[in-house]
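To keep things clear, I will list the structure first and then write my remarks on it.
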Amino acid sequence: MSIKIGNVEIQNPVIIAPMAGVSTIAFRKISKEFGAGLVCNEMVSDKALFYDSKKTMRMLEIDENEHPVSFQVFGHDIDTVVYAAKFLDTQTDCDIIDFNMGCPVNKVIKARAGSYLMKDIDYAKELVSSIVKNVSKPVTVKMRLGYDMDHINCVEMAKAMEEAGASAIALHARTRSQMYEGKAEWSYIKKVKDAVSIPVFGNGDVRNVEDFKKMMEMTGCDGVMLGRGIIGNPFLIQDCVDSLTGAEHTFTIDDRIRICLQHAKDLSNYKGEGVAMKEMRGLSSWYLKGLPFSHVFKDKCATVSTIQDLETILYEYKAVLESE
């Protein structure tokens, strides 16, 4: 069940995607507690590392219990990307360096980074090759099908990344132009898997354990990268791991409350309660998503300022559920 990424061994194929504004140390710790084989930090800018951004430096902290962990960097210019990769290699305790060629947001595209690089295989190959030559840790690449539906080039790009020295590839089975909408085309994950000899992780539209098993079976991928489906729902991580081991876990509203509060407390320890609770205004409501009457409490979650506020709201919600 284990997977080798360079010299790093991943104990199972349940991989947690790097998500901006989500994949903090608090989120990653929870993901590991629920059994994830690999967790990934939210992406950081090469320019931010080059210019010694204090905010970015704070994003590079690692808890001793979250290994193995991957740190993701994005950028376009070879000199600053290599500088950033060398910094992550020598100045942080990460195990893997991931290069982002998948982010579709306009700010990143305007910097000719992220999925913009899907436009130019030769340049992307030169960039990744330069990273690999300058670091000792394994280098992986996260990419998309192509820039748009008229330019799907993920198979050619994957081959180029392997030739450049990448140790693994994660494929989000959408184009840049799709952003996060439309259906993920899993068939391309199989095509990439068949085209290269390094591990391939599939990503896109895995919302439950049945999707996890189906992607593994349909594509032959080495692992599945879980993204938005686990925000507020780390229980899906455990479900996927259980599907591999035969174990069974059940979770209650008390578990949801406990993990949500743990998330808030760990985030507060990391960022301070004021900043953390502003972030939890959006994150906490995900822990109630899909449950009866949760829409009322979603609005209440959007106003929290302290951990005590959040705890009060969550236990009010539990009382409503139990009264029905």
Side-chain angles (χ1 to χ4, degrees), residues 11-12 14-44 53-72 88 92-96 98 225-241 249 251-289 291 294 297-298 300-318:
Q11 292 303 315
N12 67 57
V14 183
I15 316 299
I16 309 305
M19 292 177 280
V22 176
S23 301
T24 61
I25 190 170
F27 179 85
R28 299 195 310 268
K29 284 173 64 178
I30 290 170
S31 297
K32 286 298 291 188
E33 287 174 22
F34 280 87
L38 175 68
V39 293
C40 304
N41 193 18
E42 55 186 323
M43 67 180 187
V44 296
S53 162
K54 296 298 182 286
K55 179 180 178 182
T56 299
M57 295 302 171
R58 284 280 291 153
M59 294 166 64
L60 305 181
E61 295 182 17
I62 294 176
D63 183 84
E64 61 181 9
N65 296 315
E66 63 174 303
H67 293 284
V69 57
S70 171
F71 274 4
Q72 187 184 75
L88 295 179
T92 78
D93 199 26
C94 74
D95 302 289
I96 295 167
D98 187 59
M225 183 170 274
L226 304 176
R228 290 171 293 166
I230 60 168
I231 302 175
N233 184 28
F235 317 106
L236 175 56
I237 302 171
Q238 187 70 68
D239 289 342
C240 292
V241 174
H249 291 80
F251 300 102
T252 66
I253 185 62
D254 288 313
D255 293 309
R256 287 179 180 268
I257 291 173
R258 175 178 59 83
I259 296 300
C260 184
L261 291 174
Q262 177 186 329
H263 194 161
K265 290 171 184 175
D266 283 347
L267 199 59
S268 294
N269 290 337
Y270 170 51
K271 295 189 174 185
E273 188 173 25
V275 173
M277 296 314 297
K278 286 181 180 178
E279 294 186 15
M280 288 302 298
R281 288 174 183 174
L283 294 170
S284 57
S285 64
W286 286 86
Y287 283 92
L288 305 180
K289 186 177 180 182
L291 298 179
S294 62
F297 289 86
K298 179 180 178 180
K300 291 186 176 184
C301 286
T303 66
V304 295
S305 298
T306 66
I307 294 172
Q308 184 59 58
D309 290 343
L310 179 59
E311 186 170 2
T312 298
I313 290 167
L314 292 174
Y315 279 104
E316 281 180 3
Y317 177 68
K318 180 187 176 184

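Values below: all heavy atoms of this structure, side chains included; hydrogens, waters and symmetry mates excluded. Because the structure is predicted, anything quoted here is derived from the model rather than measured.
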Just by distance, do the side chain of [X] and the backbone of [Y] share a donor-acceptor pair under 3.5 Å?
| X | Y | result |
| --- | --- | --- |
| E273 | S268 | no |
| S23 | A17 | yes |
| K32 | H67 | yes |
| N12 | G35 | yes |

*Does any donor atom in the side chain of T312 or D309 lie under 3.5 Å from an acceptor atom in the other side chain?*
no
*Taking only residues two or more places apart in sequence, or in another chain, which ones meet K54 in a salt bridge (charged side-chain N to carboxylate O under 4.0 Å, His left out)?*
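Result, salt bridge (charged side-chain N to carboxylate O under 4.0 Å, His left out) vs K54: D52.
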*For K300, which residues count as a salt bridge (charged side-chain N to carboxylate O under 4.0 Å, His left out) partner, sequence neighbours excluded?*
E316
I need the minimum non-hydrogen distance between [X] and [Y], along with the two atoms involved.
| X | Y | result |
| --- | --- | --- |
| Y287 | H263 | OH-ND1, 2.8 Å |
| E42 | G21 | OE1-N, 2.7 Å |
| I62 | I25 | C-CD1, 3.7 Å |
| L314 | I257 | O-CD1, 3.7 Å |

*Could you tell me whether the side chain of M277 reaches within less than 4.5 Å of the side chain of L310, counting heavy atoms only?*
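Side-chain contact under 4.5 Å: yes.
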Looking at [atom1] of [X] and [atom2] of [Y], how far apart are the two atoms once the value is rounded to the nearest 0.5 Å?
| X | Y | atom1 | atom2 | value |
| --- | --- | --- | --- | --- |
| N41 | M59 | CG | CE | 6.0 Å |
| I237 | I15 | CD1 | CD1 | 11.0 Å |
| I230 | M19 | CD1 | CE | 4.5 Å |
| N65 | K29 | CG | NZ | 7.5 Å |

*asked:* Are there over 12 heavy-atom neighbours, none belonging to K298, within less than 6.0 Å of that residue's NZ?
replied: no
_Residues forming a ring-ring contact (aromatic ring centres under 6.0 Å, His included) with Y315, sequence neighbours excluded_ =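 Counting only residues at least two positions away or on another chain, Y315 forms no ring-ring contact (aromatic ring centres under 6.0 Å, His included).
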*What do you reckon, are the aromatic ring centroids of F251 and F34 less than 6.0 Å apart?*
yes
*Show your working on side-chain contact (heavy atoms from CB on, under 4.5 Å) between F27 and V39 and close with a plain yes or no.*
CA-CA 9 Å; F27 179 85; V39 293; over 6 Å; no
